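Inspection log for the structure reproduced underneath, given as C-alpha coordinates.
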Amino acid sequence: MIDMRFHIMTLFPEIFNSYMNESIMKRAIEKGIIDCKVYNIRDFSENKHKKVDDYPFGGGAGMVMTPQPIIDTYKHIVETNKIENPRVIYLTPKGKVHCQEIAKKLSIEEDVILLCGHYEGIDQRVIDMIVTDEISIGDYVLTGGELAALVVIDSISRLIPGVLGQNESFEDESFENNLLEYPQYTRPRVYEGMEVPEVLLSGNHKKIDEWRREESIKITKERRPDLLDKK
Ligand code: 6GU
(Lines give C-alpha, C1' and ligand atoms only; values in the text may rest on other atoms or scores of the structure.)
Protein backbone atom coordinates (compact mmCIF):
# COMPACT_ATOMS: atom_id res chain seq x y z
CA MET A 1 0.00 0.00 0.00
CA ILE A 2 2.86 2.39 0.78
CA ASP A 3 4.11 3.75 -2.55
CA MET A 4 7.62 4.71 -1.48
CA ARG A 5 9.76 3.67 1.43
CA PHE A 6 12.85 5.73 2.18
CA HIS A 7 15.58 4.18 4.32
CA ILE A 8 18.22 6.61 5.53
CA MET A 9 21.62 5.51 6.82
CA THR A 10 23.25 8.28 8.85
CA LEU A 11 25.36 9.13 11.88
CA PHE A 12 22.92 11.96 12.72
CA PRO A 13 19.40 10.50 12.73
CA GLU A 14 17.87 13.43 14.65
CA ILE A 15 18.37 15.75 11.68
CA PHE A 16 15.48 14.07 9.85
CA ASN A 17 12.82 14.32 12.56
CA SER A 18 11.73 17.92 12.18
CA TYR A 19 11.57 17.94 8.40
CA MET A 20 9.60 14.72 8.14
CA ASN A 21 7.17 15.93 10.82
CA GLU A 22 5.98 19.08 9.08
CA SER A 23 3.82 20.12 6.18
CA ILE A 24 3.59 17.99 3.04
CA MET A 25 6.00 15.26 4.20
CA LYS A 26 4.07 14.78 7.42
CA ARG A 27 0.76 14.60 5.54
CA ALA A 28 2.14 12.09 3.00
CA ILE A 29 3.38 9.84 5.81
CA GLU A 30 0.07 10.12 7.67
CA LYS A 31 -1.79 9.25 4.47
CA GLY A 32 0.39 6.14 4.17
CA ILE A 33 1.79 7.11 0.76
CA ILE A 34 5.41 7.38 1.87
CA ASP A 35 7.36 5.95 4.75
CA CYS A 36 10.71 7.13 6.06
CA LYS A 37 12.91 5.05 8.34
CA VAL A 38 16.16 6.36 9.77
CA TYR A 39 19.00 4.05 10.85
CA ASN A 40 21.91 5.16 13.00
CA ILE A 41 25.07 3.66 11.48
CA ARG A 42 26.79 3.93 14.87
CA ASP A 43 24.30 1.44 16.36
CA PHE A 44 25.76 -1.22 14.07
CA SER A 45 29.42 -0.67 14.96
CA GLU A 46 31.07 -3.79 16.37
CA ASN A 47 33.85 -1.67 17.87
CA LYS A 48 33.74 -1.54 21.68
CA HIS A 49 33.77 2.28 21.57
CA LYS A 50 31.20 2.34 18.72
CA LYS A 51 33.85 3.85 16.47
CA VAL A 52 32.75 4.33 12.85
CA ASP A 53 35.79 5.98 11.24
CA ASP A 54 39.55 5.63 10.93
CA TYR A 55 42.62 7.25 9.38
CA PRO A 56 42.97 7.04 5.59
CA PHE A 57 45.49 4.54 4.21
CA GLY A 58 48.16 6.51 2.37
CA GLY A 59 47.77 9.46 4.75
CA GLY A 60 46.04 12.78 4.29
CA ALA A 61 43.60 14.97 6.13
CA GLY A 62 40.44 13.81 7.87
CA MET A 63 38.88 10.47 8.68
CA VAL A 64 37.19 7.85 6.52
CA MET A 65 34.05 5.95 7.50
CA THR A 66 34.84 2.24 7.91
CA PRO A 67 32.97 -0.45 5.95
CA GLN A 68 31.68 -2.72 8.74
CA PRO A 69 29.04 -0.47 10.38
CA ILE A 70 27.69 0.72 7.03
CA ILE A 71 27.47 -2.73 5.45
CA ASP A 72 25.81 -4.16 8.57
CA THR A 73 23.27 -1.31 8.57
CA TYR A 74 22.57 -2.07 4.92
CA LYS A 75 22.11 -5.80 5.59
CA HIS A 76 19.73 -5.00 8.44
CA ILE A 77 17.64 -2.74 6.19
CA VAL A 78 17.46 -5.24 3.35
CA GLU A 79 16.62 -8.18 5.62
CA THR A 80 14.07 -6.54 7.93
CA ASN A 81 12.23 -4.90 5.03
CA LYS A 82 12.61 -7.81 2.57
CA ILE A 83 14.01 -5.63 -0.20
CA GLU A 84 15.35 -7.11 -3.43
CA ASN A 85 17.82 -5.24 -5.65
CA PRO A 86 17.46 -1.91 -3.84
CA ARG A 87 18.60 1.43 -5.20
CA VAL A 88 21.30 2.65 -2.85
CA ILE A 89 22.07 6.33 -3.25
CA TYR A 90 25.27 7.67 -1.79
CA LEU A 91 25.10 11.46 -1.31
CA THR A 92 28.44 12.92 -2.31
CA PRO A 93 29.78 16.04 -4.03
CA LYS A 94 31.46 13.60 -6.48
CA GLY A 95 28.07 12.33 -7.64
CA LYS A 96 25.93 13.16 -10.65
CA VAL A 97 24.22 16.51 -10.07
CA HIS A 98 20.61 16.01 -8.99
CA CYS A 99 17.81 17.24 -11.26
CA GLN A 100 14.09 16.85 -11.95
CA GLU A 101 14.71 14.00 -14.38
CA ILE A 102 16.59 11.94 -11.77
CA ALA A 103 13.84 12.67 -9.21
CA LYS A 104 11.25 11.39 -11.68
CA LYS A 105 13.18 8.21 -12.40
CA LEU A 106 13.57 7.48 -8.69
CA SER A 107 9.90 8.20 -7.94
CA ILE A 108 8.81 4.88 -9.49
CA GLU A 109 10.94 2.79 -7.08
CA GLU A 110 9.35 1.08 -4.06
CA ASP A 111 12.36 1.33 -1.75
CA VAL A 112 15.17 3.84 -1.87
CA ILE A 113 18.12 3.55 0.51
CA LEU A 114 20.10 6.75 1.10
CA LEU A 115 23.60 6.70 2.53
CA CYS A 116 24.83 9.91 4.17
CA GLY A 117 28.58 10.28 4.44
CA HIS A 118 30.61 12.39 6.81
CA TYR A 119 34.24 13.27 7.43
CA GLU A 120 36.36 12.82 4.29
CA GLY A 121 33.99 10.21 2.90
CA ILE A 122 33.49 6.47 3.06
CA ASP A 123 35.72 3.50 2.23
CA GLN A 124 35.56 2.92 -1.55
CA ARG A 125 34.73 -0.78 -1.00
CA VAL A 126 31.33 0.22 0.43
CA ILE A 127 30.59 2.06 -2.80
CA ASP A 128 31.78 -0.89 -4.88
CA MET A 129 29.69 -3.38 -2.86
CA ILE A 130 26.29 -1.71 -2.38
CA VAL A 131 25.97 1.75 -3.98
CA THR A 132 23.97 1.96 -7.21
CA ASP A 133 23.84 5.76 -7.65
CA GLU A 134 26.04 8.62 -6.44
CA ILE A 135 24.22 11.95 -6.26
CA SER A 136 25.38 15.51 -5.52
CA ILE A 137 22.99 18.42 -5.02
CA GLY A 138 25.25 21.04 -6.57
CA ASP A 139 28.75 22.38 -6.98
CA TYR A 140 29.54 23.32 -3.39
CA VAL A 141 30.62 21.29 -0.38
CA LEU A 142 28.42 20.47 2.61
CA THR A 143 29.59 19.06 5.94
CA GLY A 144 27.63 15.86 5.37
CA GLY A 145 25.11 14.13 3.15
CA GLU A 146 22.04 14.68 5.37
CA LEU A 147 20.79 17.93 3.81
CA ALA A 148 21.34 16.44 0.37
CA ALA A 149 19.35 13.33 1.35
CA LEU A 150 16.45 15.54 2.43
CA VAL A 151 16.61 17.45 -0.84
CA VAL A 152 16.51 14.22 -2.85
CA ILE A 153 13.70 12.75 -0.70
CA ASP A 154 11.60 15.91 -1.00
CA SER A 155 12.05 16.16 -4.76
CA ILE A 156 11.01 12.51 -5.21
CA SER A 157 8.10 12.57 -2.75
CA ARG A 158 6.23 15.42 -4.36
CA LEU A 159 6.12 13.49 -7.64
CA ILE A 160 4.33 10.51 -6.07
CA PRO A 161 0.58 10.58 -6.80
CA GLY A 162 -1.43 11.79 -3.81
CA VAL A 163 1.44 13.55 -2.05
CA LEU A 164 0.54 16.97 -3.41
CA GLY A 165 -3.03 18.21 -3.09
CA GLN A 166 -5.15 19.32 -6.05
CA ASN A 167 -3.96 22.89 -5.58
CA GLU A 168 -0.28 21.96 -5.49
CA SER A 169 0.04 20.47 -8.95
CA PHE A 170 3.45 20.11 -10.58
CA GLU A 171 2.35 20.27 -14.22
CA ASP A 172 3.15 23.93 -14.89
CA GLU A 173 6.14 24.53 -12.74
CA SER A 174 9.81 25.20 -13.33
CA PHE A 175 11.74 22.35 -15.00
CA GLU A 176 8.67 20.32 -15.99
CA ASN A 177 9.27 21.53 -19.55
CA ASN A 178 12.75 23.02 -19.16
CA LEU A 179 11.28 26.48 -18.61
CA LEU A 180 11.35 28.53 -15.43
CA GLU A 181 7.99 29.43 -13.99
CA TYR A 182 6.14 32.63 -14.89
CA PRO A 183 5.45 35.23 -12.16
CA GLN A 184 2.44 34.73 -9.89
CA TYR A 185 0.15 37.33 -8.32
CA THR A 186 -2.64 37.22 -5.77
CA ARG A 187 -4.83 39.80 -4.03
CA PRO A 188 -4.81 42.72 -3.58
CA ARG A 189 -5.00 43.96 -7.17
CA VAL A 190 -2.99 47.06 -6.21
CA TYR A 191 -0.37 46.86 -3.46
CA GLU A 192 1.65 49.97 -2.52
CA GLY A 193 0.78 51.38 -5.92
CA MET A 194 2.04 48.30 -7.78
CA GLU A 195 -0.56 46.74 -10.07
CA VAL A 196 -1.13 43.16 -11.13
CA PRO A 197 -0.58 42.79 -14.92
CA GLU A 198 -3.86 43.65 -16.67
CA VAL A 199 -3.99 40.44 -18.74
CA LEU A 200 -4.35 38.29 -15.60
CA LEU A 201 -7.59 40.11 -14.74
CA SER A 202 -9.01 39.81 -18.25
CA GLY A 203 -10.59 36.38 -17.88
CA ASN A 204 -9.25 35.57 -21.36
CA HIS A 205 -7.51 32.25 -20.76
CA LYS A 206 -5.92 32.01 -24.17
CA LYS A 207 -4.31 35.44 -23.64
CA ILE A 208 -3.29 34.49 -20.09
CA ASP A 209 -1.62 31.27 -21.28
CA GLU A 210 0.22 33.19 -24.00
CA TRP A 211 1.42 35.83 -21.52
CA ARG A 212 2.64 33.19 -19.07
CA ARG A 213 4.51 31.30 -21.76
CA GLU A 214 6.20 34.50 -22.96
CA GLU A 215 7.19 35.40 -19.40
CA SER A 216 8.56 31.88 -18.89
CA ILE A 217 10.67 32.08 -22.03
CA LYS A 218 11.90 35.60 -21.16
CA ILE A 219 13.07 34.67 -17.67
CA THR A 220 14.60 31.39 -18.83
CA LYS A 221 16.59 33.25 -21.50
CA GLU A 222 17.81 35.71 -18.89
CA ARG A 223 18.69 33.32 -16.09
CA ARG A 224 19.08 29.82 -17.50
CA PRO A 225 19.84 29.86 -21.24
CA ASP A 226 21.29 26.34 -20.74
CA LEU A 227 17.73 25.05 -20.20
CA LEU A 228 16.58 26.42 -23.55
CA ASP A 229 19.38 24.50 -25.25
CA LYS A 230 18.02 21.30 -23.65
CA LYS A 231 14.53 21.88 -25.02
CL1 6GU B 1 25.51 15.03 -1.64
N2 6GU B 1 27.30 15.89 0.07
C3 6GU B 1 28.16 16.80 0.52
N4 6GU B 1 28.88 16.53 1.62
N5 6GU B 1 28.36 17.97 -0.06
C6 6GU B 1 27.64 18.21 -1.16
C7 6GU B 1 26.72 17.32 -1.69
C8 6GU B 1 26.57 16.14 -1.03
N9 6GU B 1 26.17 17.84 -2.79
C10 6GU B 1 26.73 19.03 -2.92
N11 6GU B 1 27.62 19.26 -1.95
Side-chain angles (χ1 to χ4, degrees), residues 4-20 22 24-25 34 36-45 51-71 73-74 77-78 83 86-109 111-160 174-175 178 180 223-224 226-227 230:
M4 171 67 79
R5 301 190 294 180
F6 295 109
H7 309 269
I8 304 165
M9 300 195 256
T10 174
L11 290 172
F12 302 96
E14 299 292 322
I15 288 176
F16 297 90
N17 294 343
S18 72
Y19 198 76
M20 301 313 280
E22 297 282 353
I24 293 172
M25 288 297 158
I34 68 173
C36 184
K37 293 205 184 110
V38 187
Y39 306 82
N40 188 344
I41 294 168
R42 195 176 299 279
D43 291 342
F44 293 85
S45 172
K51 216 166 110 85
V52 292
D53 60 348
D54 212 327
Y55 298 99
F57 278 123
M63 301 292 267
V64 177
M65 287 172 70
T66 58
Q68 179 274 318
I70 301 174
I71 297 297
T73 308
Y74 168 79
I77 293 170
V78 169
I83 310 174
R87 285 265 199 171
V88 181
I89 299 170
Y90 173 43
L91 288 313
T92 167
K94 284 166 73 174
K96 191 166 170 189
V97 177
H98 192 52
C99 62
Q100 194 66 16
E101 197 185 323
I102 294 176
K104 240 185 206 169
K105 207 156 67 195
L106 292 171
S107 71
I108 60 173
E109 297 286 327
D111 289 275
V112 171
I113 301 176
L114 299 114
L115 171 57
C116 304
H118 258 266
Y119 315 116
E120 288 305 301
I122 66 179
D123 189 298
Q124 180 62 34
R125 289 166 294 186
V126 171
I127 298 168
D128 298 343
M129 276 177 78
I130 64 168
V131 170
T132 57
D133 304 76
E134 294 182 62
I135 294 181
S136 160
I137 60 163
D139 292 340
Y140 42 81
V141 181
L142 303 170
T143 56
E146 282 77 12
L147 282 174
L150 280 172
V151 167
V152 170
I153 288 169
D154 188 295
S155 66
I156 295 170
S157 297
R158 60 190 297 292
L159 296 175
I160 297 169
S174 297
F175 303 115
N178 283 319
L180 300 181
R223 294 188 184 170
R224 295 294 306 277
D226 58 303
L227 292 179
K230 270 205 227 170

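Treat the numbers as computed from the prediction; the structure is a model and nothing was measured. Just so you know, ligand 1 is whichever comes first in the structure, and atom 1 is the first atom listed for that ligand. For the single chain, residues carry numbers from 1 onward in sequence order.
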Every residue of the protein that comes under 4.0 Å of ligand 1, judged on heavy atoms: L91, T92, P93, I135, S136, I137, G138, Y140, V141, L142, G144, A148
Whether T66 side chain and V52 backbone form a donor-acceptor pair below 3.5 Å: yes
Polar side-chain atom of E146 near backbone of E14 as donor-acceptor pair, under 3.5 Å: no
Atom CZ of F57 with >12 non-hydrogen neighbours under 6.0 angstrom: no
R42: salt bridge (charged side-chain N to carboxylate O under 4.0 Å, His left out) partners, not counting sequence neighbours: none
Criterion side chain to side chain contact (heavy atoms under 4.5 Å, CB included) against P13, the qualifying member of I41, V38, D43: V38
I8 vs K37 side-chain heavy atoms within contact, under 4.5 Å: no
